[in-house]
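Single-structure report; data block below.
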Amino acid sequence: TARVFDGRLYVYPSHDIRHPHDKSNTWFCMADYHVFSSENLTDWTDHGMILSQENVEWVNSKSYSMWAPDCVEKDGTYYFYFPAIGEGRRGYNVGVATSKNPAGPFTPMAKPIEGVMGIDPCVLIDKDGESYIYWSGRGISMARLGRDMVSLASEPQQVQGLPDGFKEGPFAFERNGKYYLT
């Protein structure tokens with residue numbers, strides 16, 4: 001995800017690495033996140049690793065499953081949302097790490113968001129201050145976030161009316177009074 005904070009563009013990507021234990025593994029292998037920023041879209045700063053599967057208590061540290069993340073700011077705190085496979089859990093969960101700086105360091109929560117099972121989280125903070133999280137996995141789902149930004153304030157529901165086919169990487173935003181889901 002790319003986000004603008006204080007006049008800089010910050011990019012929060014996932015990245016593939018070679019599987020350290022299984023060289024034949026051709027599946028996505030992602031163990032951590034970096035953040036990059038730029039003031040001019042030409043010169044970039046790598047702020048280094050901001051989160052690793054080894055420093056998130058609930059993540060299976062051998063899963064290499066840290067896929068597409070998102071980051072938003074609310075009330076001076078940066079919330080970094082990321083999918084991963086949890087220790088002793090089935091499927092993907094979405095966790096949250098927080099920071100006072102968009103480049104980190106980020107501190108992960110001890111547990112993933114209860115009720116969110118899937119990948120590629122995206123958070124929309126609406127003009128009225130309400131926040132909504134979207135994610136993919138068996139379609140695209142969404143729910144309203146609690147004021148704490150780390151719990152759900154509504155039951156998850158599937159987004160209806162989308163074209164047939166596999167969906168991933170949802171991105172919701174508002175522009176000029178119109179809401180978009182890409």
Side-chain angles (χ1 to χ4, degrees), residues 1 3 5 10-17 19-21 27-37 46-126 129-138 140-158 168-172:
T1 300
R3 299 284 188 174
F5 300 123
Y10 288 83
V11 176
Y12 299 88
S14 54
H15 70 279
D16 281 313
I17 61 171
H19 197 291
H21 310 294
W27 190 245
F28 303 114
C29 183
M30 301 170 190
D32 60 37
Y33 297 104
H34 282 236
V35 63
F36 301 84
S37 72
D46 179 353
H47 297 279
M49 184 175 47
I50 59 169
L51 194 66
S52 168
Q53 67 184 11
E54 274 119 33
N55 65 8
V56 181
E57 184 178 321
W58 61 269
V59 170
N60 176 341
S61 65
K62 293 181 173 74
S63 67
Y64 300 95
S65 62
M66 298 186 108
W67 293 5
D70 191 13
C71 188
V72 296
E73 182 273 334
K74 187 169 185 180
D75 300 327
T77 298
Y78 295 87
Y79 295 88
F80 182 74
Y81 297 86
F82 61 95
I85 293 175
E87 192 70 58
R89 294 173 179 262
R90 201 179 118 156
Y92 280 81
N93 296 109
V94 172
V96 185
T98 60
S99 178
K100 291 296 182 186
N101 185 311
F106 282 85
T107 303
M109 299 293 181
K111 295 179 181 179
I113 301 173
E114 192 67 39
V116 178
M117 293 284 295
I119 60 172
D120 306 344
C122 167
V123 172
L124 167 74
I125 301 175
D126 207 353
E130 292 290 336
S131 301
Y132 302 87
I133 185 167
Y134 297 79
W135 66 94
S136 52
R138 297 185 185 175
I140 296 177
S141 298
M142 60 87 56
R144 188 166 43 89
L145 283 169
R147 293 192 187 279
D148 63 5
M149 300 293 287
V150 300
S151 64
L152 297 185
S154 72
E155 289 295 317
Q157 60 185 14
Q158 287 238 294
E168 65 181 302
F171 188 75

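These numbers were taken from a predicted model, which means no experiment stands behind them. Position 1 is the first residue of the sequence, and the numbers go up from there. Side chains included, hydrogens not; waters and symmetry mates left out as well; all remaining heavy atoms used.
- Nearest heavy-atom pair, Ala110 versus Trp58, reported as atom, atom and distance to 0.1 Å: O-CD1, 3.5 Å.
- Across Glu114 and Leu152, no two heavy atoms sit closer than the pair O-CD1, 3.5 Å.
- Looking at Asp120, its side chain does come within 3.5 Å of a backbone N or O of Gly169 through a donor-acceptor pair.
- When each of Ser136, Pro112, Pro83 is tested with Tyr92 by the rule side-chain contact (heavy atoms from CB on, under 4.5 Å), just one qualifies, namely Pro83.
- Put simply, the side chain of Leu51 reaches to within 4.5 Å of the side chain of Pro108, judged on heavy atoms.
- A donor-acceptor pair is defined here as one N or O able to donate and one able to accept, closer than 3.5 Å; such a pair exists between the side chain of Tyr33 and the backbone of Trp67.
- In this structure, Phe5 and Tyr10 have tilted ring planes: the angle between them lies in the 30° to 60° band.
- The CD1 atom of Ile140 sits 9.0 Å away from the CD atom of Gln158 when rounded to the nearest 0.5 Å.
- Distance check, rounded to the nearest 0.5 Å: CG of Asp148 to OH of Tyr79 gives 7.5 Å.
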Practice task
Show your working on side chain to side chain contact (heavy atoms under 4.5 Å, CB included) between His47 and His34 and close with a plain yes or no.
Solution key: CA-CA 7 Å; His47 297 279; His34 282 236; over 6 Å; no
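- Here the straight-line distance linking atom CZ of Arg144 with atom CD1 of Ile133 works out to 13.5 Å at 0.5 Å rounding.
- No donor-acceptor pair under 3.5 Å is formed between the side chain of Ser141 and the backbone N or O of Pro156.
- Residue Ile113 comes nearest to Val150 through the heavy atom pair CG1-O, 3.7 Å, listed as atom of the first residue, atom of the second, then distance.
- Heavy-atom minimum distance, Ser61 versus Glu87: N-OE1, 4.1 Å.
- Expressed to the nearest 0.5 Å, how far CG of Leu124 lies from CG of Asp70 amounts to 10.0 Å.
- Aromatic ring orientation, Phe106 versus Tyr12: perpendicular (interplanar angle above 60°, classes split at 30° and 60°).
- Nearest heavy-atom pair across Ser131 and Met149 is OG-SD, 3.3 Å.
- Using modelled atom types, one side-chain atom of Arg3 and one backbone atom of Cys71 make a donor-acceptor pair closer than 3.5 Å.
- Under a 3.5 Å cut-off, the side chain of Ser154 and the backbone N or O of Ala143 do not form any donor-acceptor pair.
- Asn101 contributes atom CG, which lies 11.5 Å from atom OG1 of Thr77 (distance to the nearest 0.5 angstrom).
- Side-chain contact between Val56 and Phe82 is present, with heavy atoms from C-beta onward closer than 4.5 Å.
- Shortest non-hydrogen contact noted between Pro13 and Phe36 is CG-CE1, 3.8 Å.
- The number of heavy atoms from other shown groups lying within 6.0 Å of CD (Glu130) is above 12.
- Two residues are said to be in side-chain contact when any heavy atoms from C-beta on lie closer than 4.5 Å; Glu54 and Val59 fail this criterion.
- A donor-acceptor pair is defined here as one N or O able to donate and one able to accept, closer than 3.5 Å; no such pair exists between the side chain of Gln53 and the backbone of Ala84.
- Taken to the nearest 0.5 Å, the OH atom of Tyr81 stands 10.5 Å off from the SG atom of Cys122.
- Partner Tyr132 forms a side-chain contact (heavy atoms from CB on, under 4.5 Å) with one of Ile125, Val123, Asp126 and no other, that one being Asp126.
- With Lys74 contributing its side chain and Arg147 its backbone, the two residues share no donor-acceptor pair below 3.5 Å.
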